[in-house]
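Notes follow once the structure below has been shown.
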Amino acid sequence: MAFLKTQERSKERFSLLLLDLEEYYFEQHTAYHVTSSSPKERKVRGSFKICSKSIIFDPDDFETPILKIPLRDCKRIEFVEKDTNPFNEPKPSAISISCGQVIYIKESNIIAPYKIERVSLHITVDFLLMIIKIIIPCAGNKATHFSVEVWTKTEDVVQTLLQLHRASCLEKLGDQTAMVEANLQSRLARTSFDKYCFQSVAEKPHMECPVEMVTPLVSNPGHVCITDENLYFQPLNGYPERVIQIKLHNVRRIYKRRHGLRPLGLEVFCTENDFCSDIYLKFYNTADRDEIYYYIATFLDMTNAATFRDLSKPVGALNKERLDRLLARYRGMPEPSFMYGSHYSSPGYVLFYLVRVAPEHMLCLQNGRYDNADRMFNSVGETWRNCLEGATDFKELIPEFYGTDFTFLENRLGLDLGRRQNGSYVGDVALPPWASDASDFLQKHRTALESQFVSEHLHEWIDLIFGYKQRGSEAIAAHNVFHPLTYEGGIDCDSIEDPDERIAMLTQILEFGQTPTQLFTSPHPQRITPRFHNITRSPSISSPGSELSPASPGGDSSFEDLTEESRKLAWANMGNLKLLSSHKIHKEAVTGITVTRDGSAIFSTSQDSTLKMFSKELKDFQRSMSFSNMALSSCLMLADGKTVVCSSWDNNVYFYSVPFGRRQDTLMGHDDAVSAIRWFDDRLYTASWDSTVKVWHCASENAHKRSQFELLAELEHDAGVNSINLSGAGTLLVSGCKDGTVSIWDTQSHEALQQVPCHSGTIHHTAFSPDSRHVLSVGEDCCMKVIDVQTGMVMSSVKADEEQRCFCWDGSSVLCGGQSGDLLLWDLLSSTVTKRIPAHSGPVTSMWMNELYTTVITGGEDKQIMFWKLYS
């Protein structure tokens, strides 16, 4: 809900919170408060506001209190002619108001309890050249005046005040509310959204309707208008702004809400992780609410996962409420039981889409007539709603939606397909707002099919239609059970002896629909995409080789092995890690490990201040480089495969050239020890105990040159940063601090998305899950925390018997290096250690794993590097 998420208004004290509950603010006029208590009048400029239960005067002078006059306390409101006008100067008509109470608010601009003054007051409002004057005689015959600039006639203001006064004086609260509501609806009916407020003259309005913008305790009536680019709300009173605009492509979440126990609310979010919505609207009828909802929900943003349906569910399971009803029926159904009484593909459904290009086929199927006009394929939006909410409609799309021939969407043959109940004739198919025409609609469908989201999730849909979730227990678990006659082998028609019964059965099978032949009995692998390739590999290494990498030395990558299935298989066997060799090559604890592009050499850093290169072939270290007398904290290999980057406790970052065997350059970027570094594309991320993470940009062809680096951003923290890591796509960064706080950052805007204080001490290591939906952190408090990236909620907290210093994980299983020196394989779902593998004689301080999860290298405080191999 939009709560406390309002822009500061530095020059306005008025707020809708000054109104009573269920009170509306209707209109305002510029006013002058004229004090007549002294020979010389004093005028104070302000705003004269007419509300449904009160009159409010808000002075521009912040020292002067806001005046609120309840209409129920007014004794008399009348129009004053010229000859009885009490003002000295020649003025025409005025308004005279007598009341018994005035409320003083925010005197000296201090928020404090209201001051209520109960005295007999007389107020006169005078009009001349659109000027109103109000006189309030006070104690001692003192009087104060208001003159209000208005753009209406005096009689109109009087009639408005009299009507609202009558409403306030009614005995029954229901009668008061009804009369005010009638006034409000009359105002809304006489006004409409001002199209001159559109952001662009090219915008195409879709619909507008009266609504109320809801904030805690108050509602503000006005008009909502939605176009092909924006959602607008224009308050009836122009407060807090003349128009509130939300760009549709910025909308990330939208929810239907119950308001006053009725389905009238709509809440719109432009952020993924904020609990505060950008706008909450209350509609006067559900139909208007739903039309706006579906219009926004179908606005195409292929970078937003919310644009797409959940491909892991059949159409019938997309709507939870409908699914609950279907499951209740399924559980009480005798054998053979099924969840869906109709299929997702049948001749009738295919012709439903193709009737405009294959009318004779439809006539053949429908015994010489078309279907009812209101049941035809009239609108993409209506069809989607029916598939989502209809009790018997579970159809999928047909291949034509991903082709180039769009004639099936247009009635080019001029067919008389009938007349709908609303009086319109069935013509071309109404397209979603994001499609400019039928050709654009199909083109965007093809683009969506090749989008990142679909590429990452299409295998889940294949599992339902052609795969292991089509039948059996997996189908039941996936809510994917159709009538038995739709499945191949469900019935043997040849065994039916009665010819009439056999023909009837065949006809039913042909017309009802058929489930495809089951092609796969195990999960289909996920499609390999550039983003998934990044997710599954270290962003600092392009394509390392041999057994340390999934690529051959020739660089011909075998992507077939890099699948979701192979990842699951590898982690299922992670307990079979076997030690190949161990080597003591440092004098102090190992702090970082990285591997060359061809996998022939392993680089490691240590608190002994050295960077050492270990030869896999010779099984011994070949080079040793010292940059200063301070410890090195981490290292990584750049994408060029020729440069190793090291971070140091001396506040610097060093660049080491592998071909030339020497230090290439130094980046002096922090005021305290650099604790960790990460690289993605052309950006270097450096974390430091000076409580910052700095983002540097460099040209990729000269990545090792300090002069090429440009400081892009400085991410401030409240404590020293001990760990950082990037999501697979490089769009998110996670940092772990010495005060136990985990922070998640947007690497494009450099804004903090989440800040979660979840540990009671220093955080040793943080990392994203392969799908970037969760973050795992370990700390000196012996806890492992799983954090949801979207909400910042701690999803799981596991208390270990010892500190976990470093880890690799796949989202559910974790291989940790413990304080004891052992490698521990954790199952986060059960919060148990499934395997303990003896390893180092001291804490494990560093860990590296290749892309195929088959090779692990660990380093420890015992100064050793150990090589591990996974055996199936």
Item to complete: Answer with yes or no whether the side chains of Ser439 and Asp437 bring together a donor and an acceptor at under 3.5 Å.
Response: no

Worksheet item: Going by distance alone, is a donor N or O of one side chain under 3.5 Å from an acceptor N or O of the other, for Tyr284 and Glu212?
Response: yes

Test item: [X] side-chain N/O and [Y] main-chain N/O as donor-acceptor pair under 3.5 Å:
{"X": "Asp393", "Y": "Glu389", "value": "no"}
{"X": "Asp788", "Y": "Met793", "value": "no"}
{"X": "Ser769", "Y": "His774", "value": "yes"}
{"X": "Asn411", "Y": "Asp428", "value": "no"}
{"X": "Arg289", "Y": "Arg257", "value": "yes"}
{"X": "Arg322", "Y": "Gly390", "value": "yes"}
{"X": "Ser342", "Y": "Thr392", "value": "yes"}

Practice prompt. Report the C-alpha distance between Leu363 and Tyr370 in whole Å, list the side-chain angles of each, state the deciding distance to 0.1 Å, and finish with yes or no for side-chain contact (heavy atoms from CB on, under 4.5 Å).
Written response: CA-CA 6 Å; Leu363 293 172; Tyr370 295 123; 3.8 Å; yes

Worksheet item: Step by step, would you call Phe377 with Phe408 a ring pair (Phe, Tyr, Trp, His ring centres under 6.0 Å)?
Response: CA-CA 10 Å; Phe377 182 30; Phe408 75 98; 7.1 Å; no

Just wondering, do [Y] and [X] contact through their side chains at under 4.5 Å, heavy atoms?
{"X": "Arg309", "Y": "Leu311", "value": "yes"}
{"X": "Phe441", "Y": "Val429", "value": "no"}
{"X": "Leu815", "Y": "Trp571", "value": "yes"}
{"X": "Thr286", "Y": "Leu264", "value": "yes"}
{"X": "Leu409", "Y": "Arg356", "value": "no"}
{"X": "Thr404", "Y": "Arg446", "value": "yes"}
{"X": "Trp461", "Y": "Glu396", "value": "yes"}
{"X": "Thr486", "Y": "Phe338", "value": "no"}

To the nearest 0.5 Å, what is the distance between [atom1] ([X]) and [atom2] ([Y])?
{"X": "Leu431", "Y": "Lys444", "atom1": "CG", "atom2": "NZ", "result": "10.5 Å"}
{"X": "Ile462", "Y": "His459", "atom1": "CD1", "atom2": "NE2", "result": "8.5 Å"}
{"X": "Met574", "Y": "Leu825", "atom1": "CE", "atom2": "CG", "result": "7.5 Å"}
{"X": "Arg471", "Y": "Asn480", "atom1": "CZ", "atom2": "CG", "result": "11.5 Å"}
{"X": "Glu488", "Y": "Thr515", "atom1": "CD", "atom2": "OG1", "result": "10.0 Å"}
{"X": "Ile296", "Y": "Ile254", "atom1": "CD1", "atom2": "CD1", "result": "3.5 Å"}

Discussion item. Looking at Glu382 and Arg420, is any side-chain nitrogen of the basic one under 4.0 Å from a carboxylate oxygen of the acidic one?
Written reply: yes

Worksheet item: Is Glu321 paired with Lys256 through a side-chain N to carboxylate O contact shorter than 4.0 Å?
Response: no

Practice prompt. Evaluate side-chain contact (heavy atoms from CB on, under 4.5 Å) for Leu753 paired with Leu732, printing each intermediate quantity in order.
Written response: CA-CA 9 Å; Leu753 302 178; Leu732 299 172; 3.6 Å; yes

Worksheet item: Is it true that atom NZ of Lys320 has more than 12 heavy atoms of other residues, nucleotides or ligands lying nearer than 6.0 Å?
Response: no

Item to complete: Please indicate whether His206 has more than 12 foreign heavy atoms, meaning atoms of other residues, nucleotides or ligands, lying under 6.0 Å from its NE2.
Response: yes

[X] and [Y]: which non-hydrogen atoms are nearest, and at how many Å?
{"X": "Arg375", "Y": "Asp371", "value": "NH2-OD1, 2.9 Å"}
{"X": "Leu464", "Y": "Ala478", "value": "CD2-CB, 3.9 Å"}
{"X": "Cys783", "Y": "Lys799", "value": "SG-CD, 3.6 Å"}
{"X": "Asp463", "Y": "His524", "value": "OD1-N, 2.9 Å"}
{"X": "Ser831", "Y": "Val798", "value": "OG-CG2, 3.6 Å"}
{"X": "Phe394", "Y": "Gly341", "value": "CE1-N, 4.4 Å"}

Item to complete: Would you please test Tyr295 and Leu231 for side-chain contact (heavy atoms from CB on, under 4.5 Å) and show each step?
Response: CA-CA 10 Å; Tyr295 189 93; Leu231 173 72; over 6 Å; no

Worksheet item: Between Phe269 and Tyr255, how do the two ring planes meet: parallel, tilted or perpendicular, split at 30° and 60°?
Response: perpendicular

Discussion item. Run the salt bridge (Lys or Arg N to Asp or Glu O under 4.0 Å) test against Glu208 and tell me which residues pass, sequence neighbours left out.
Written reply: Lys195

Fill in: Lys/Arg cation over aromatic Tyr294: Arg385, 6.0 Å, 45° cone
yes

Worksheet item: Step by step, would you call Tyr353 with Phe401 a side-chain contact (heavy atoms from CB on, under 4.5 Å)?
Response: CA-CA 9 Å; Tyr353 291 120; Phe401 280 87; 3.6 Å; yes

Discussion item. List the residues meeting ring pair (Phe, Tyr, Trp, His ring centres under 6.0 Å) with Phe482, not counting sequence neighbours, and say none if there are none.
Written reply: Tyr340, His343, Tyr344

